[in-house]
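Chain letters run A, B, ... following the sequence lines, proteins first, then strands; residues in each count from 1.
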Amino acid sequence: MLEVNTLRNETDRITTGLAKRYFPDAEIAIADIIALDDRRKDLQTKADALLAERNTLSGEIGQLFKTGKKDEATAKREQVKGLKEEIETLQTEAATVDTDLENALLAVPNVPHGLVVKGHDEKDNEVFKAFAGDLPTLPDGAKPHWELADEYGIFSLELGVRTTGAGFPVFTGQGARLARSLVNLFLDSNTDAGYVEHQLPLLVNEESARATGQLPDKEGQMYHVTGDDLYLIPTSEVPLTNLYRGEIVDKADLPLKLTGYTPCFRREAGSYGAHVRGLNRVHQFDKVEIVELADPATSYERLDAMVAHVGKLLTDLGLPFRILRLCGGDMGFTSAMTYDFEVWSAAQERWLEVSSVSNFETYQSNRLKLRYREDKKTELTHTLNGSALALPRIIAALLENNQTPDGILLPEVLHTYVGKAKLEKI
RNA sequence: GGAGACGUGGGUGAGUGGCUGAAACCACCGGUUUGCUAAAUCGACGUACCCUUACCGGGUACCGCGGGUUCGAAUCCCGCCGUCUCCGCCA
């Protein structure tokens, strides 16, 4: 969430920024927040004064008892009892104001960066870097990946239905090997680039989900394990970023670079049809994530570096891709700037999102209480993350784009991982 | 899952109702001293919020988390979470 002081001091920047998202009534929301904060300060000032008085009197009571002046002590005790009620009233109201303030802040999305364009939805996104070459053209009879999956024994959605339900693919044989290879390739590339590998919990508590912004905004998108009140992670961003919740790190240690592979779970209820067939959208999928905790002064350089790194992964795989810079309306609630990577799916003849790289500035760290120390002062860090990469659509594009009459050719970087240069029909 | 012990500042570790935001030691930082290093010595050394503000300063809260008792809680009571030990079960 945004900081109240930012809302106070940079009201113009924030209202114009939020307008890029078409966030309604920003001025009113900000005015409400500032009024609540004023009220909070006022209550605290009053309550603190009374508490100070109580502490002084209590100290005196102790002295009086010690020196045997019981009568005076008893009189003062009655005096303090009177204060108690007043303090309690103020503190009760303060608690209500705190809750209201928190809720009001949670309702305001992050402010888009100055370079982000105004827009309603995906149609307004900028093509930041178009694909430079020619898109591959497939011979007649080329098949979408869900048909290739059957012919080559890559994965089965039917088996997933049997064990679980729709949207839980079961990778088999060379398909499972391919998936494992991609995970290894991505983790190796990420660690080579300085990201420290982590194996993470797949379930997180409510506090973690709240700190990275999945709650309360996207509650319906997560699987909730009610018996233990835990959530299945929709992305490893959640446990990875929360590793540093509440920490104060040395500025010299920034940026902290983390990576981790996890399955991801998303309910994504209510959408069916051709555009979600096969691996295009599933409830469980594999993803390797990168996270950076950065110095605010250089966080956009880090964002550029992450974009370059993800671009290299896709180049290594030989997949045609383009980079979008999302418009205000299409960005996630918590993001200040987001680049989406899309690979060309030759048989479906459409672009598929495979990575989303974002700078959240202090929006997450404010709730994470994630700070760094500079001289005596502590400041919120910036947090960034990106997929590097999400597997299903990569697999879809690899299968479709590289299909030949003799099999599916694998890019060279995968040969040693998969143990062969092409996939064969079964 | 059962029984017991425990949870204090970056670390070790005192503290069982007021003199404790918290001893002492270690680490870290700054100064002095010393050919260098080391040692010695002095000082500073948690976080958040509020007030004041040029600077200085003052107040409140926090001793796992939440509630309660009390004029007053790190200290007493209740609930929760976590750690350790023993038992049971188990990939």
Looking only at side-chain atoms of L51(A), point me to the closest of G18(B), A61(B), G59(B).
A61(B)
Which listed nucleotide (C50(B), G59(B), C71(B)) is nearest to the side chain of A52(A)?
G59(B)
Could you give the CD-to-C1' distance, from E72(A) to C71(B), as a whole number of Å?
15 Å
Heavy atoms from C-beta onward define the side chain here; which of C50(B), U47(B), U60(B) lies closest to that of T378(A)?
U47(B)
May I ask you to say what D42(A) touches in the nucleic acid, namely base, sugar-phosphate or nothing, with a heavy-atom cut-off under 4.0 Å?
nothing
Given atom CG of L57(A) and atom P of G72(B), what is their separation to the nearest angstrom?
11 Å
Sidechain N-carboxylate O distance under 4.0 Å for D37(A), R40(A)
yes
Is the phosphate of U47(B) approached by R373(A) (side-chain N or O, under 4.0 Å from OP1 or OP2)?
yes
Minimum-distance nucleotide (side-chain atoms of N55(A) versus A61(B), U47(B), G59(B)):
A61(B)
Is K76(A) close enough to C71(B) that one of its side-chain N or O atoms is under 4.0 Å from OP1 or OP2 there?
no
If A38(B) has a Watson-Crick or G-U wobble mate with both distances under 3.5 Å, name it; if not, just say none.
none
Would you mind pulling out the nucleotide paired to G82(B), Watson-Crick or G-U wobble, both distances under 3.5 Å?
C6(B)
Pair partner, G17(B) [Watson-Crick or wobble, under 3.5 Å]:
none
Integer-rounded Å distance: C71(B) C1' and R77(A) CZ
6 Å
Report the distance from atom CZ of R54(A) to atom P of G59(B), rounded to the nearest whole Å.
15 Å
Watson-Crick or G-U wobble partner for C25(B), using a 3.5 Å limit on both distances?
G11(B)
Is any NZ, NE, NH1 or NH2 atom of the basic residue among E206(A) and R210(A) found under 4.0 Å from an Asp or Glu carboxylate oxygen of the other?
yes
To the nearest Å, how far apart are Q44(A) CD and U52(B) P?
13 Å
Hey, does the side chain of R371(A) come within less than 4.0 Å of U47(B)'s phosphate (OP1/OP2), counting only N and O?
no
Does a side-chain N or O from K84(A) land closer than 4.0 Å to OP1 or OP2 of G72(B), or not?
yes
Looking at the side chain of S58(A), which of G72(B), C50(B), A48(B) is the nearest nucleotide?
G72(B)
